Enquirer: 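I'd like to ask some things about the structure below.
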Amino acid sequence: MNFHIITIFPESFKSYFSSSIMDKAMKNNLFSIELYKLNDFSKLSSKRVDDKAYGMHWQVISAEVLSDAIEFIFKKVWKKIPVIYMTPSWELLNQEKVEYFYENLKNDCIIICWHYEWIDERIVELYVDFEISIWEYVLSSWELAASVFIDSFVRNISWVLGNKLSLEEDSFSKKFERKKEYPVYTRPKIFKNLEVPEILLSGNHAEIENWKKNNLHK
Ligand SMILES: C[S@@+](CC[C@H](N)C(=O)[O-])C[C@H]1O[C@@H](n2cnc3c(N)ncnc32)[C@H](O)[C@@H]1O
C-alpha cells in the first residue's frame, strides 16, 4: 500500500515511522509513504495555500491548490485513487472500520491532512471518498491522526507483525467478538499475594483457550 500524503509540514510527519515496527515494514517494502508539500502547488509567489473563509474569522485551505495537488497524484499513479480526509467531525475509526479499509483500499490512497481549521468544502464534495476521525476530541494538527490511521491499517498487512496470532487475538478482533483482550501474566507465580490463574500453568491448551474466551476484559 502506498499512502500519498498532502501536507504543509512534511518534516513533522517522519519521526513516528522511522523506528520500530513501522520502520522495519517500510524498509521491507510492505508499505510506503510519499509526502507532497502543498505549497509546491501554489501559484502565488508567496506560496500561500490558505485564504480567509467567507463569513468567518479563520483561514481555510483553498480549493484550487488542493485540487491541483490531488490531480497531480492521480496523474502520477495513472488513475483516480481513494481520497481520505482526516477530520475530527466525521465517522469515528474503530477496528471494524480499519479492517474495512484494509480490505477495500487497494494499492494507493491519498490522505489530506490539515493544520488550523478546515479545507474548502468543495474539495470534500468533489474528491473525498472517506472522512475519518480518530475519536471525539480535537487535535491541533493532522500528523497524529494520520499516523494512528496508517499504523492501525498497516499492522494488518502480512509480515508486518512477526506473529500472526497477535493480530487475530488482539482486542476488538473478530475472534473475540470485538471485546477487549484477556489478561496476561509472567513470572513470578505469586506477586504481592496475587497468584497467576492455575489454568495458565497447566499446559492444557484446550482449557487455556477456553479460559482466554471467558476472561476477556469487560
Ligand atoms: C484544529 S483541527 C481542525 C478542527 C476543526 N475546525 C473542527 O472543529 O472540527 C486541525 C486538523 O487536525 C486534524 N484532526 C484534529 N483532530 C482530529 C481527530 N480527532 N481525528 C482526525 N483528524 C483530526 C484534522 O486534519 C484537522 O483538519
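Only heavy atoms go into these numbers, but all of them, side chains included; no hydrogens, no water, no symmetry mates. Keep in mind the model is a prediction, meaning the values are calculated, not measured.
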Enquirer: Looking at M86 and I111, what are the two nearest heavy atoms and their distance?
Expert: CG-CG2, 3.8 Å
Enquirer: V124, W58: one ILVMFWY side-chain cluster at the under-4.5 Å cut-off?
Expert: yes
Enquirer: Check the pair S62 / V65 against side-chain contact (heavy atoms from CB on, under 4.5 Å), numbers first and verdict last.
Expert: CA-CA 6 Å; S62 30; V65 67; 3.8 Å; yes
Enquirer: Other than F191, which residues form its hydrophobic cluster under the rule that side-chain heavy atoms must be closer than 4.5 Å?
Expert: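 Hydrophobic cluster check, F191: no partners found.
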Enquirer: Is atom CZ of R122 surrounded by more than 12 heavy atoms (other residues, nucleotides or ligands) closer than 6.0 Å?
Expert: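 No, CZ of R122 has 12 or fewer neighbouring heavy atoms, counting only those of other groups under 6.0 Å.
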Enquirer: Salt bridge (charged side-chain N to carboxylate O under 4.0 Å, His left out), that's the test. Do E91 and K97 meet it? Break it down for me.
Expert: CA-CA 10 Å; E91 258 204 87; K97 288 193 187 125; 3.0 Å; yes
Enquirer: Rounded to the nearest 0.5 Å, what's the gap from CG on N204 to CD1 on I199? Could you check?
Expert: 6.0 Å
Enquirer: Supply the atom-to-atom distance I81 CD1 to C109 SG, rounded to the nearest 0.5 angstrom.
Expert: 7.0 Å
Enquirer: Compare all side-chain heavy atoms of L38 with those of I61 and state whether any distance is below 4.5 angstrom.
Expert: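 The answer is yes, as the side chains (C-beta and beyond) meet within the 4.5 Å cut-off.
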Enquirer: Inspect the contact between E209 and K212 and indicate whether a charged nitrogen and a carboxylate oxygen are less than 4.0 angstrom apart.
Expert: yes
Enquirer: Can you tell me how far CD1 of I33 sits from CE of M1, rounded to the nearest 0.5 angstrom?
Expert: 11.5 Å
Enquirer: Taking the side chain as C-beta and beyond, is there a heavy-atom pair between V83 and I112 under 4.5 Å?
Expert: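 Yes. Closest side-chain heavy atoms under 4.5 Å.
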Enquirer: With hydrophobic residues grouped by side-chain heavy-atom distances under 4.5 Å, do I84 and L92 end up in a single group?
Expert: yes
Enquirer: Any chance you could lay out the side-chain contact (heavy atoms from CB on, under 4.5 Å) test for F31 and I150, step after step, and finish with the verdict?
Expert: CA-CA 10 Å; F31 80 101; I150 294 173; 4.0 Å; yes
Enquirer: Using a cut-off of 6.0 Å, state whether more than 12 heavy atoms not belonging to Y137 lie near its atom OH.
Expert: yes
Enquirer: Counting only heavy atoms not in K175, do more than 12 sit closer than 6.0 Å to its NZ atom?
Expert: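 Above 12, so yes.
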Enquirer: Between E99 and R178, does any side-chain N to carboxylate O distance fall below 4.0 Å?
Expert: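 A salt bridge is present here (some side-chain N lies under 4.0 Å from a carboxylate O).
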Enquirer: Is the NE2 atom of H217 crowded by more than 12 outside heavy atoms at less than 6.0 Å?
Expert: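 Above 12, so yes.
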Enquirer: Atom OG in S173, atom CD in E168: separation rounded to 0.5 Å?
Expert: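 Those atoms lie 8.5 Å apart.
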Enquirer: List the steps and the verdict of side-chain contact (heavy atoms from CB on, under 4.5 Å) for H4 and I6.
Expert: CA-CA 7 Å; H4 302 264; I6 303 173; over 6 Å; no
Enquirer: Apply the side chain to side chain contact (heavy atoms under 4.5 Å, CB included) test between V196 and each candidate in V184, I190, L201; give the one that qualifies.
Expert: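 With V196 as partner, V184, I190, L201 yield a single side chain to side chain contact (heavy atoms under 4.5 Å, CB included), made by L201.
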Enquirer: Under a 3.5 Å cutoff, is there a donor and acceptor pairing between the side chains of E143 and S141?
Expert: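 On atom types as modelled, these side chains qualify, holding a pair under 3.5 Å.
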Enquirer: Quick check on K180: does its NZ atom have over 12 non-hydrogen neighbours (other residues, nucleotides or ligands) under 6.0 Å away?
Expert: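 Not buried by this count: 12 neighbours or fewer within 6.0 Å.
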Enquirer: Just so I know, are the side chains of N28 and V160 near enough to count as touching, which here means a heavy-atom distance under 4.5 Å?
Expert: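 In short, these two side chains do not touch, never coming nearer than 4.5 Å.
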Enquirer: Find out if a path of hydrophobic residues (ILVMFWY) with successive side-chain heavy-atom gaps under 4.5 Å connects F9 to V138.
Expert: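 No, F9 does not connect to V138 through the hydrophobic network.
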Enquirer: Are F153 and Y102 close enough that their ring centres sit under 6.0 Å apart?
Expert: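 Between F153 and Y102, the centre distance is under 6.0 Å.
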Enquirer: For the ring pair (Phe, Tyr, Trp, His ring centres under 6.0 Å) test, which of F149, F101, W90 pairs with F130?
Expert: F101
Enquirer: So for atom NZ, which belongs to K47, do other residues, nucleotides or ligands contribute more than 12 heavy atoms lying within a distance under 6.0 Å?
Expert: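 More than 12 heavy atoms, drawn from other residues, nucleotides or ligands, come within 6.0 Å of this atom.
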Enquirer: Please tabulate, for the side chains in residues 71-79, all donor-acceptor contacts under 3.5 angstrom to protein atoms that are two or more places apart in sequence or on a different chain.
Expert:
{"from": "E71", "atom 1": "OE2", "to": "Y127", "atom 2": "OH", "distance (Å)": "2.6"}
{"from": "K76", "atom 1": "NZ", "to": "E34", "atom 2": "OE1", "distance (Å)": "2.4"}
{"from": "K76", "atom 1": "NZ", "to": "Y36", "atom 2": "OH", "distance (Å)": "3.2"}

Enquirer: How many angstroms lie between atom NZ of K174 and atom CD of Q95, to the nearest 0.5 angstrom?
Expert: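 Between atom NZ of K174 and atom CD of Q95 there are 9.5 Å.
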Enquirer: Quick one: list whatever passes salt bridge (charged side-chain N to carboxylate O under 4.0 Å, His left out) with K27, sequence neighbours left out.
Expert: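 Per chain and number, K27 pairs via salt bridge (charged side-chain N to carboxylate O under 4.0 Å, His left out) with D23.
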Enquirer: Charged N to carboxylate O below 4.0 Å: is that the case for D50 and R48?
Expert: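 Judged by the 4.0 Å cut-off on N to carboxylate O distance, D50 and R48 do form a salt bridge.
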Enquirer: Flag yes if I157 and F172 sit in one hydrophobic cluster, no otherwise; membership is Ile, Leu, Val, Met, Phe, Trp, Tyr, and two members link when side-chain heavy atoms are under 4.5 Å apart.
Expert: no
Enquirer: For E103, look at atom CD and say whether over 12 heavy atoms of other residues, nucleotides or ligands are found less than 6.0 Å away.
Expert: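 Atom CD in E103 is packed in, count exceeds 12.
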Enquirer: Grab the two heavy atoms, one from S89 and one from W118, that are nearest each other, plus how far apart they are.
Expert: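 Smallest interatomic distance, heavy atoms only, reads OG-CH2, 3.1 Å.
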Enquirer: Between NZ of K213 and CD1 of I208, what distance do you get to the nearest 0.5 Å?
Expert: 13.0 Å
Enquirer: Regarding Y182 and E169, is there a side-chain donor-to-acceptor distance under 3.5 Å anywhere?
Expert: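 Their side chains do contain a donor-acceptor pair, which is all the 3.5 Å distance test asks for.
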Enquirer: Side-chain contact, heavy-atom cut-off 4.5 Å: W142 with I5?
Expert: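 Heavy-atom side-chain distance check passes, below 4.5 Å.
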Enquirer: Treating N156 as the side-chain partner and S152 as the backbone partner, does any N or O pair qualify as donor plus acceptor under 3.5 Å?
Expert: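 At least one qualifying donor-acceptor pair exists.
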Enquirer: If hydrophobic clusters are built by linking Ile, Leu, Val, Met, Phe, Trp and Tyr wherever their side-chain heavy atoms come under 4.5 Å apart, do L44 and I8 end up in the same one?
Expert: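 Not linked; separate clusters.
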Enquirer: Test side-chain contact (heavy atoms from CB on, under 4.5 Å) on M22 and D151 and set out the steps.
Expert: CA-CA 7 Å; M22 295 295 127; D151 183 320; 3.5 Å; yes
Enquirer: Quiz question: by atom type and distance under 3.5 Å, do the side chains of D129 and Y85 form a donor-acceptor pair?
Expert: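 The answer is no; no qualifying pair exists.
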